[in-house]
Amino acid sequence: MKIRFWGVRGSIPVPGTHTNRYGGNTSCVEVRPRSGPQIIIDAGTGIRKLGKEMMQADFGHGNGICHLLISHTHWDHIQGLPFFAPLYQAGNQFYVYARQRDDTHLRAVFASQSEDPYFPVPFNSVKANLAFRELVEGARFEIGPVKVGCTRLNHPWIAMAYRLDCDGASMVYSTDTAPFTDILLEHEFIATPPVLGAPLVPEHAEKLRRMRDGLIQLSQGADMLIYDTQFTPEEYRSKPHWGHSTPYDAIDIALAAKVKTLVLFHHAPERTDDELDEVLAEVRSLTRSTGLEIVAAHEQLEVSLGAN
Ligand SMILES: [Zn+2]
Ligand SMILES: [Zn+2]
């Protein structure tokens with residue numbers, strides 16, 4: 001399968017001279033199996049440019065089929081969707097997957113961001129056919145030849161990690177998540193950070209342990225692990241309740257799961273190209289003896305895994 005990165009940034013798009021090389025668009029990753037339908041993970045602003053390319057082929061003629069996996073519906077993971085041209089072409093078929101909420105159907109979550117006064121084009125004017133598939137944690141399903149698994153992450157209002165197995169290769173997409181050590185993030189707004197190092201409520205510690213085990217199991221032996229590495233260790237210490245990790249947390253999971261390549265992803269909006277180069281150089285030198293390969297995602301990075 002082929003994997004292409006269209007948006008690698010977290011939180012908000014950051015175009016500009018200091019982010020040109022890695023790119024300023026928010027999260028969007030394309031996965032193309034050797035055969036079978038196209039898969040897109042997350043619909044941040046990177047999806048706009050991908051949509052333009054898709055319109056040059058089947059989707060421009062209204063006979064495209066695409067499966068869209070959403071990690072969670074925070075803005076930086078869905079805000080490109082209203083500008084995704086294939087949605088406005090009749091005949092195209094989209095399957096949209098995200099975690100089931102107790103209170104709102106997935107379709108309403110997407111529709112609400114296109115409502116007046118936020119956007120002029122209502123969601124019900126989308127011409128493509130949309131089918132929504134609400135997922136429960138730990139769901140396993142197939143998209144043509146691709147086997148898909150998921151597990152929950154430690155993030156405010158919860159995000160899902162996905163594993164895709166196809167063409168003799170495997171990749172895991174794991175963003176957004178805090179490490180599983182200091183705070184349990186679920187369905188409440190936490191305004192003040194916890195005291196790091198303070199003992200956790202036993203019930204929270206147990207939930208975090210199970211969450212970490214679930215992610216390591218999902219990532220076991222993967223060829224590629226794409227991971228939320230938004231924070232430096234210093235930033236994490238002041239914002240552990242924001243739900244993001246450092247490259248060192250990602251390395252911990254990658255080594256525990258024996259993955260081959262770790263991809264640093266969901267870069268902080270304020271991180272410049274030069275700073276990202278430095279982060280990458282440092283973590284590579286620290287892990288040289290482990291055999292773990294580490295790359296930092298940039299827009300248009302293309303990786304081939306397994307048979308293509
Ligand atoms: Zn995010
Ligand atoms: Zn988020």
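For ligands, and for the atoms within them, numbers begin at 1 and follow the listed sequence.
Take the N/O/S atoms of His155: the one nearest the Zn ion (ligand 2) is NE2. Taking the Zn ion (ligand 2) as reference, the nearest N/O/S atom within His74 carries the name ND1. The N, O or S atom of Asp76 lying closest to the Zn ion (ligand 1) is OD2. His266 has its closest N, O or S atom to the Zn ion (ligand 1) at the position named NE2. Residue Asp176 approaches the Zn ion (ligand 1) most closely through its N/O/S atom OD2.
Under the 4.5 Å side-chain contact rule for hydrophobic residues, Leu286 and Leu264 share a cluster.
Thr45 and Asn25 are linked by a side-chain donor-acceptor pair at a separation below 3.5 angstrom, with hydrogens and angles left out of the test.
Between His155 and the choices His244, Glu186, His74, the side chain to side chain donor-acceptor pair (under 3.5 Å) rule is met once, by His74.
Taking a cutoff of 4.0 Å between a charged side-chain nitrogen and a carboxylate oxygen, Asp252 and Arg212 qualify as a salt bridge. The pair Arg32-Glu30 meets the salt-bridge criterion, since a charged nitrogen lies less than 4.0 angstrom from a carboxylate oxygen. A salt bridge links Glu137 with Arg99: the closest approach of a Lys/Arg side-chain nitrogen to an acidic carboxylate oxygen falls below 4.0 angstrom.
The Zn ion (ligand 1) lies at 2.8 Å or more from every N, O or S atom belonging to Asp228. Residue contacts to the Zn ion (ligand 1): His72 brings no N, O or S atom closer than 2.8 Å.
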